Protein chains: 4
Amino acid sequence: MKGNTTKLLEKQLDKREAIIKAAIEVFSYKGFHKAKISHIAKLADVADGTMYLYFKNKEHLLVSAFDELTENILIDMKSTISLEKTALDRLSKFIDLHVDIFTEKPEIARFLAIELRQSPDFYESYPAYNPLKEYISFIEILIIDAIEEKSIRAIDPKALTLIIFGTIDFLLTEWSTKNQSFLLQEMKDKIVDIIRWGIRV
Amino acid sequence: MKGNTTKLLEKQLDKREAIIKAAIEVFSYKGFHKAKISHIAKLADVADGTMYLYFKNKEHLLVSAFDELTENILIDMKSTISLEKTALDRLSKFIDLHVDIFTEKPEIARFLAIELRQSPDFYESYPAYNPLKEYISFIEILIIDAIEEKSIRAIDPKALTLIIFGTIDFLLTEWSTKNQSFLLQEMKDKIVDIIRWGIRV
Amino acid sequence: MKGNTTKLLEKQLDKREAIIKAAIEVFSYKGFHKAKISHIAKLADVADGTMYLYFKNKEHLLVSAFDELTENILIDMKSTISLEKTALDRLSKFIDLHVDIFTEKPEIARFLAIELRQSPDFYESYPAYNPLKEYISFIEILIIDAIEEKSIRAIDPKALTLIIFGTIDFLLTEWSTKNQSFLLQEMKDKIVDIIRWGIRV
Amino acid sequence: MKGNTTKLLEKQLDKREAIIKAAIEVFSYKGFHKAKISHIAKLADVADGTMYLYFKNKEHLLVSAFDELTENILIDMKSTISLEKTALDRLSKFIDLHVDIFTEKPEIARFLAIELRQSPDFYESYPAYNPLKEYISFIEILIIDAIEEKSIRAIDPKALTLIIFGTIDFLLTEWSTKNQSFLLQEMKDKIVDIIRWGIRV
DNA sequence: GATGAATGAGTTTTCATTCAT
DNA sequence: GATGAATGAAAACTCATTCAT
C-alpha cells in the first residue's frame, strides 16, 4: 500500500517537474506573455487542463518555476563551493559556477535575464515575488567572509554584490541575446581581473 | 501658406512626440505586452487610429520610443560631458549623469530595464533592434580614450563597459524596485571606488 | 455636424437594441448559462467583440435586457391602462394585458419566467438585481386604488399582489413550458373569476 | 454472508442518499449550471468518479434528486393529510404543510423554485422531465374531492391548482429572497382568506 | 489627416466525464 | 465497487488593427 502511494506520489512529482522544465524552456524563449499554456503542456506531454492541477494559473507557474530553479541552483552551488578553503576562493568559485551553469544551459540564463525584469505592475500583484533575494544574500555572505579573512579590503559588501551580480547578469544577457558574439569565459576572466585589481594604472 | 504648412508640420511633430512620451510612460509601467494601445492613445490625447498614422504597429512604436529616448539622452550627455578636460573625468561624469537622469526620471530607468530584456523571439522578429548599441559604444569610446590618455590601465574596454553598465543598471533597478531602501549617491560612490581601486587589500 | 452625430448615435442605439433583442431571444430559449455570447452576437448581426462595447459582460447583458424589457412593458401598460375609468377596471385590464403580451411574445414570457429565478448565488453578486420590483409595486398601487374606490373589499394589498402575480406567472410558465396544452385566455378568465368570487359555494 | 450483502447494499443506499442530499443542497444554492459535481461529491463524502456509478450524468442527478425529493415530501404529506375528515380540511392542511415544509427547509423551496424553471432547451433533452406533475396532480385531486363534497363551488380544478401552487410558490420565493421581510404565516392566512371569499365587497 | 466603432483571431481557464489502478 | 488524476472540449473575453466617415 505504502509502495503504491509512493509510486503515485513519484509519478506526480515527475509530472510537476516535467511541467516546470517545459515552462522554463518556453518562458525563456518566448517570454511570459507570448508563451502559451498549450505549448508548455505539449512539451511536458500533459493535457492543458493538467497544468491547472499543479499550478493555479499561468503566473503561479512562472513564480513556481523561478523559485524552484533558483533554489536548486543555489543548493548545488553551496555544496560545490563549500569544498573551497578560503572565502576568496569560494567567491571566485561562485562566479565561475554562475557563468558555467548559464553557459551550459542558456535557456536558464535567458529565463532569469528576461523574466527577472518584470513590470512594476507585476511586482504589485505579487508582492512576495523576490526571486533573487536568496541568491544575492548568498553573494553578500561570501563577501563578508572574504573581508573577515582579510583576502579583500573592507569595502561595502552590498556595493560589491551589486557589481558582481549586475555585471554577470548583464554579461550573460548580452552573450545570450547577441548570439554569443564574444567568448564568455575569456570575458569573465577579464571582468574578474578588473574587479580584483581595479582600473588604475 | 508656408507658415500654415509649418504649423501643421509642427502639430504633427507634437503629436508624434506626445505619443512617444506616452508610450514610454506606459511601457515602462506595464511592460510591452500589458501596455494597451488605447491607454497610450488616451495619455497622448489622440484617437486609437491615429497611432497607426505615425507608427506601423505596436512593436514599431516600442522600437521608435526606445531609439528616440536613448538618442536624446545621449545627445544631452555628450554635450555636457564634452566640457570635461580628461577622458577619465568624462567617464566619471558619464556615470554621474547616468545615475542622475534615472533618478530624476525613474520611468525611463524602468523602461530601459524592462525593454532591454526582450525574448529571443522578439529579437528574431526585429533583427535591427539593438537598443543600447549606441549608448554602450559611447561608454566604450570613453574607456578607450581614458586608456589612451593613460588615466587607467590597458584593460579590455568591452569588459569594463559590461561592468559599468551592468552594475549601474542593476543598482538602479534595485533602488527603484526595493523602494529606495539605500542611498543611491552613496552607493554609487562606493561602487566607483571599488571599480577604481579593486578589492584587493 | 449635429445631424451626423445624431445619425451616429442612432446607429449605436439601433445596435444596442438589436443586441438586447437577440439576448432576450437566446436567453429565453437557452437559459443564461447555456446561452453563448457568440450566438447572441450572430443573431444581432454584430461581432463577438462588439458585445463588449455595449455591455460589460454576459451578466450585465442579462440584467440590462431584463431592466429594459420590464421598463418598456410597464410604460406601455401604464398608458393603455390609464384609459380605464375605475380602479377595478384598471386592475382587470392589467391582468389582460399581462397575459396578452406574453401570449403574443412567448419568448418574453419564457425569459421572465426562467431568468427571474436566479440562484441565491446570483442575487449575492447582483444585490441591485430586483427585476420585478417596479412591476409588483404597480400591481399593489392598482389594488390600493380599487380598495379605496370600494370596488373590492379591504384585503391586504400585498396578499392580493402575491396571488395575482404568482398565479399569472405560474400560469404562463406552465403554458409556455408545457407546449400550450390548455387555452390560455380561457384559463385566465377562470382564474379571475375565482379570485373575484372566491371558492365558497 | 447474507448479512454482509445487506450491509453492503445498505452502504450503497446510504451513499446514493448522501449524494442526493448533497445535490439538493448544492443545486438549490448554486443552480444547476453553477453547481460543480466535485462540490457535490465532496459534500457527500465520495469521490468524483463515484457519482457516475450512481447517476449517468449531471442532468440525471438533477432529475433523480427532484423526483426523490417530491416523492418523499408527497408521501409524508399524504399520510398526514389523510387524518383530516373533510376534503376541504385536507386541502387546507395541504397548504399549511406546504408552507411549513419550505419554511423549515428553505433550500428545498429554493431548489423547487429554481429547477422548476428550466429552459425549453432542457425540457427538449429531457422530455420525461415533468418535475411537479405528481405534486400538482395531488392538489388537483384534493380540489376535485372538495368540489364533490360540495365544500367549494364547481370551479375548474386546474384553475384553482394554478392559483394555489403559483401563489404559494411566489410567496415562498419572495419570503426567502427578500430576507423574510414579512410574516409568512400571517400572509398565508390572508391569502387563504382571499382565495376562500374572493375580493368582492 | 483624424477619428473611434467595429472586428475577430487568439488564449486562458473550467469542469463534466473517463478509466487505470 | 471506489478512487481521483487526467483529459480536452468549450466559451468568455481582450485588444491590436482596420476603415468608413
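In what follows, chains carry the letters A, B, and so on, assigned in the order in which the sequence lines appear, proteins first and then strands, with residues in each chain numbered from 1. Just so you know, these numbers come straight off a predicted model, no measurement behind them.
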Minimum-distance nucleotide (side-chain atoms of C:Y52 versus F:dC13, E:dA6, E:dA2):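 Looking only at heavy atoms from C-beta outward on C:Y52, the closest nucleotide is F:dC13.
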
Which nucleotide, E:dA6, F:dT17, F:dT3, lies nearest any side-chain atom of D:K15?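 So the side chain of D:K15 is nearest to F:dT3.
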
Considering all heavy atoms, the nearest D:A65-D:I24 contact: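 Between these two residues, the closest heavy atoms are CB-CG1, 4.1 Å.
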
Should D:Y54 be listed as having a side-chain N or O under 4.0 Å from OP1 or OP2 of F:dG1?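 Negative; the distance criterion is not met.
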
Starting at [atom1] of [X] and ending at [atom2] of [N], how long is that distance when rounded to a whole Å?
{"X": "B:M51", "N": "F:dT18", "atom1": "CE", "atom2": "C1'", "result": "15 Å"}
{"X": "D:H39", "N": "E:dT14", "atom1": "NE2", "atom2": "C1'", "result": "16 Å"}
{"X": "B:R16", "N": "E:dG1", "atom1": "CZ", "atom2": "P", "result": "13 Å"}

Contacts of type side-chain hydrogen bond (donor to acceptor under 3.5 Å, both in side chains), residue [X], not counting sequence neighbours:
{"X": "D:E68", "answer": "D:R16"}
{"X": "D:E59", "answer": "D:Y126"}
{"X": "B:H33", "answer": "none"}

For DNA chain F, produce a single dot-bracket line, 5' to 3'. Pairs: Watson-Crick or G-U wobble, both distances under 3.5 Å. Symbols: ( ) within strand, [ ] crossing, | other strand, . unpaired. .||||||||||||||||||||

Applying salt bridge (charged side-chain N to carboxylate O under 4.0 Å, His left out), name anything that partners A:K21, two or more places apart in sequence or on another chain.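 Residues passing salt bridge (charged side-chain N to carboxylate O under 4.0 Å, His left out) with A:K21: none at all.
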
Using a cut-off of 4.0 Å on non-hydrogen atoms, how would the nucleic acid contact of A:F55 be classed: base, sugar-phosphate, or nothing?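 If one applies the 4.0 Å heavy-atom cut-off, A:F55 turns out to touch nothing in the nucleic acid.
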
Just jot down the side-chain contact (heavy atoms from CB on, under 4.5 Å) partners of B:A18, sequence neighbours excluded, or say none.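 Checked B:A18 against side-chain contact (heavy atoms from CB on, under 4.5 Å); matches are B:A44.
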
Who are the side-chain contact (heavy atoms from CB on, under 4.5 Å) partners of D:E107, not counting sequence neighbours?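 Partners of D:E107 by the side-chain contact (heavy atoms from CB on, under 4.5 Å) criterion, ordered by chain and then number, come out as D:E25, D:S28, D:K105, D:R110.
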
Tell me the salt bridge (Lys or Arg N to Asp or Glu O under 4.0 Å) pairs involving residues 43-58 of chain A, sequence neighbours left out?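 Every candidate salt bridge (Lys or Arg N to Asp or Glu O under 4.0 Å) pair involving residues 43-58 of chain A fails, so no pair, neighbours aside, qualifies.
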
Please produce a list of atom pairs where a protein N or O lies less than 3.5 Å from an N or O of nucleotides 8-11 of chain E.
from, atom 1, to, atom 2, distance (Å)
E:dG8, N7, C:G49, N, 3.2

Quick one: on DNA chain F, does A:L53 or B:K56 contact a more 5' nucleotide (nearest heavy atom)?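 Residue closer to the 5' terminus by nearest nucleotide: A:L53.
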
